[in-house]
Amino acid sequence: MLRYSLRRLLAMIPVLLWITVLSFGIIHLAPGKPTDVLTQFNPKVSLEARQRMEQLYGLDQPVHVQYGRWLSRVARLDFGRSFLDDRPVMEKIAERLPITLTLNVLALVLVFGIAVPLGVRAAVRPGGLFDRVTTVLVFLGYSMPSFWLALLGMALFSVTLRWLPVSGLHALDAESWAWWRRLLDMGWHLILPLAVTAVVSLAGLSRYARASLLDVLRQDYMRTARAKGLPQGRVLFHHGLRNGLLPIITILGLSLPDLISGSVVAETIFSIPGMGRLFYEAVMARDYAVVMALVTIGALLTLLGNFLADLAYAAADPRIRVGGAQ
Amino acid sequence: MSARRSLTHGRSVLVVSILLGLSPPLPAQEPATGDAIVVGSIGDASRLLPLLASDSASGDIVGLVYNGLVKYDKDLNLVGDLAERWEISADNRTITFHLRPGVRWHDGAPCTAEDVRFTYQKLIDPAVRTPYAGDYELIESAEVLDALTIQFRYREPFAPALESWGMGILPKHLLASEDLNTTRYLRDPVGTGPYRFRRWRTGELIELRAFADYFEHRPYLDRYLYRIIPDQATLFLELLVGAVDWTGLTPLQYSRQTDTAYLRTRYQKFRYPSFGFAYLGYNLSDARFADVRVRRALTLAVDHAAIVDGVLYGLGAPATGPYPQASWAYNPDVAPATRDVAAAKRLLAEAGWAETDGDGWLDRGGEPFRFTLITNQGNEVRRQVAELVQRHLREVGVDVQIKIMEWSTFVHEFIDKRRFEAVLLGWSLSRDPDLYNLFHSSKTKEGEYNFVGYANPRVDELLVAGRQTFDREARRRIYHEVHRILAEDQPYTFLYVADALPMVDRRFRNVRATPAGIGDNFIEWHVPPAEQRYRAVMER
């Protein structure tokens, strides 16, 4: 098991390197430079000033030289400074990570907490009334554009009813409040974004849970379990769920990178300064340093997530462990 | 710190006297202090140092925290800001600024000519990543004559120099040993302005507080809260619940969506022409567009009024040239283009374009008159303008294909390399009418701004003269002629000047629109005590 894990870990390194080479190449292939935002189409900025800025940022060097410099810095865990505001990239990420993590962890708990029971309940009697009604509802949520749903939510709950704030994270005066009041205030601001995220992502997971449980319920050993007279609940929860939810572990593992990658749409609509907006704005401004840091971290987490899912699988299913060790 | 304490003290005296039933110890005509203004902005700031601030959000904040030597007043005249007065030498090459005495930085240190010289040194320091160095490179020497006097000597007369000293002055005592590119003062600025920096939650909020010792007088509004709301629709909903006090509207919002009873009683809308214009630029190295008759014909064929009505909902004015009517450089004798399809057809016929093969399009030598109009993605107004232009030109038999592309590609692959036939774009300009970078024939290198390739020796001459002349009357004559020649030559079809459309909560008094806009007297804005919405905050 240990050797298997080590080997898997080592195999990640070349993959990760390749990902960075490709991303670095692609973002540099895109037309434009980070200094454009500062200098472009401003008649007050001369051509010489623009070229000097490019030189100061090292952007006049060939791409492979720039990549070499970047890699040697990253090897020392220094992701450099953002071109947009000259702040260390890690500082910018650290500033945005807490809110995105909070939002995503809460959303993940909410979505799993609702979707899995929905899927399980629907699988017990496929084609039944509950199955059909939930199917329609979750797909309705899934097919609605999230920005539209968000705007509808704001118009109803914030503008018409005045129950919830329209957008943002804190009340304007929150700075001077006690911590518990600030926490409540933030929770109050998060209700709408969380609800919208949950509604649009229920479908995938609940359908997944339903399908995989149905697969299991059709297995011979389930019939055996029922035939030997076990009560329905024990059959379902002990034999059925344990096997049926294996794919859910994979999904959970694959959600790991999602935890730090916020949704651009939700963050923009709700004025939440999270990772999604950071990444989007960095790409639009060709802020190479920030883009590369986020891509690298995202790739690392994806690889780690896969790895952890495999480990969890191995723990749950010995056959996989044996297969991997050969 | 002492400033803050005295501020709090003043307020508690006021509270006590109100409790005792006494009248406030302020003269009756003096407006009340207090309250906060919440400004809604689509974008966040990036760097809060004047030399490095290049986006409009950073500009908004920097404008309240720092002062330049000069500023524009409500009628767009340059007046003293930190400078009390200035002299320009007879050869127009030396400017001597006399600073106001007694001005203090937010930390209490005095502001002197040394700070001005320091700012100048940083502006031309090649290691400082400022995009604004260009205006200061003509300076030969900067000499501090005494604590409040500084003299700049220019290599040649340069009229925009005066405007360039609207650049915010930096505190030498704090920044002398800092690397300006990365200093912590980029996010914690200290200036001389009416508001001092308080906090910045990235992507969320910037808060400023009134500076009690501001040299004009303490601004009446206690707090300036700059909320970043990146989505236009959300910003509008925030207006509907009264959570934003001041923001800019789109033409659609201004004309169609803000006419409800609630919004009318709660907000005041303003409109005034912005400094900038939209245009159709022709690549003059294209043989078809090199003929001035063709360019004039296309301008005559475009229905300017229909564009202003249809796209801007009437919230703008057809442009006759590069200046808005509020500018002294605007030449009122240049007649606005009125649509004349017959005249356009006549001019095109003179240039050899005629409909001969019955396909509905003009042709010459067997080639139909067909060109591609390119513009950038993400600007709904431009897309609509392009479609209207396409429709208008179809009526004279010119076939326009529209191509919309991502901004960077658009600029680098097409504009910079001059691989375009016609382009739809806009310029926003400073208050000074200098157009050297846009229309001088030397500015046609890759990445420079005369990308249409306009060359007119008389305009070249005038643009140089305009830069070297300080006298307003003489400059007026120069730019009036530039305006007239550009209207004749039509290197661009000047389309329109759009209006700026701010909306401000009615509880703020003294808000008025002038040629300079509405913010120029911001420190005079105040709210009567009964209408104040945000409570005074205790300084900690």
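Just the heavy atoms: all of them, side chains too, but no hydrogens, waters or symmetry mates, feed the values below. Each chain gets a letter, A, B and so on, in the order the sequences are listed, and its residues count up from 1.
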Contact class of [X] relative to chain A, heavy atoms under 4.5 angstrom:
| X | result |
| --- | --- |
| B:L205 | side chain |
| B:K445 | side chain |
| B:Q232 | neither |
| B:A127 | backbone |
| B:V38 | side chain |
| B:L237 | both |

Within-4.5 Å side-chain heavy-atom neighbours: [X] and [Y]:
| X | Y | result |
| --- | --- | --- |
| B:I228 | A:P273 | no |
| A:R87 | B:T202 | yes |
| B:P126 | A:Q55 | no |
| A:L169 | B:R201 | no |

Partner chain A: residue of [options] with the largest heavy-atom pair count (under 4.5 Å):
| options | answer |
| --- | --- |
| B:I229, B:L186, B:D55 | B:I229 |
| B:A45, B:G203, B:A243 | B:G203 |
| B:T409, B:T234, B:L235 | B:T234 |

Exercise for the section: Taking all non-hydrogen atoms of both residues into account, name the closest pair between A:R277 and B:P230 and its distance. Expected result: CZ-CG, 3.5 Å

Practice task
Find the distance between CG (B:L52) and CG (A:D85) and round it off to the nearest 0.5 Å.
Solution key: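 Rounded to the nearest 0.5 Å, the CG-CG separation comes to 11.0 Å.
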
Exercise for the section: Can you measure from OG1 (B:T182) to CG (A:D86) and round to the nearest 0.5 angstrom? Expected result: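 Here the interatomic distance stands at 7.0 Å.
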
Practice task
Pick whichever of A:R96, A:R162, A:M154 has the most heavy-atom pairs under 4.5 Å with chain B.
Solution key: A:R162

Handout entry: Interface residue of largest heavy-atom contact number with chain B, from A:L172, A:I272, A:L278, under 4.5 Å
Key =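 Of the options given, most contacts go to A:L172.
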
Problem - Verdict with supporting geometry, A:I99 and B:E204, side chain to side chain contact (heavy atoms under 4.5 Å, CB included) - result: CA-CA 12 Å; A:I99 179 58; B:E204 216 184 321; over 6 Å; no

Handout entry: Sidechain N-carboxylate O distance under 4.0 Å for B:R184, A:E91
Key =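 Looking at A:E91 together with B:R184, the answer is no, because their closest N to O distance does not fall below 4.0 Å.
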
Problem - Side-chain ion pair, B:R223 and A:E175, N-O less than 4.0 Å - result: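 Salt bridge between B:R223 and A:E175, a charged N being under 4.0 Å from a carboxylate O: no.
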
Counting only heavy atoms from other residues, nucleotides and ligands, does the tally under 6.0 Å from [atom1] of [X] exceed 12?
| X | atom1 | value |
| --- | --- | --- |
| A:F147 | CZ | no |
| A:Y280 | OH | no |
| A:W148 | CH2 | no |

Exercise for the section: Verify, without hydrogens or angle tests, whether B:E238 (side chain) and A:S167 (backbone) share a donor-acceptor contact under 3.5 angstrom. Expected result: yes

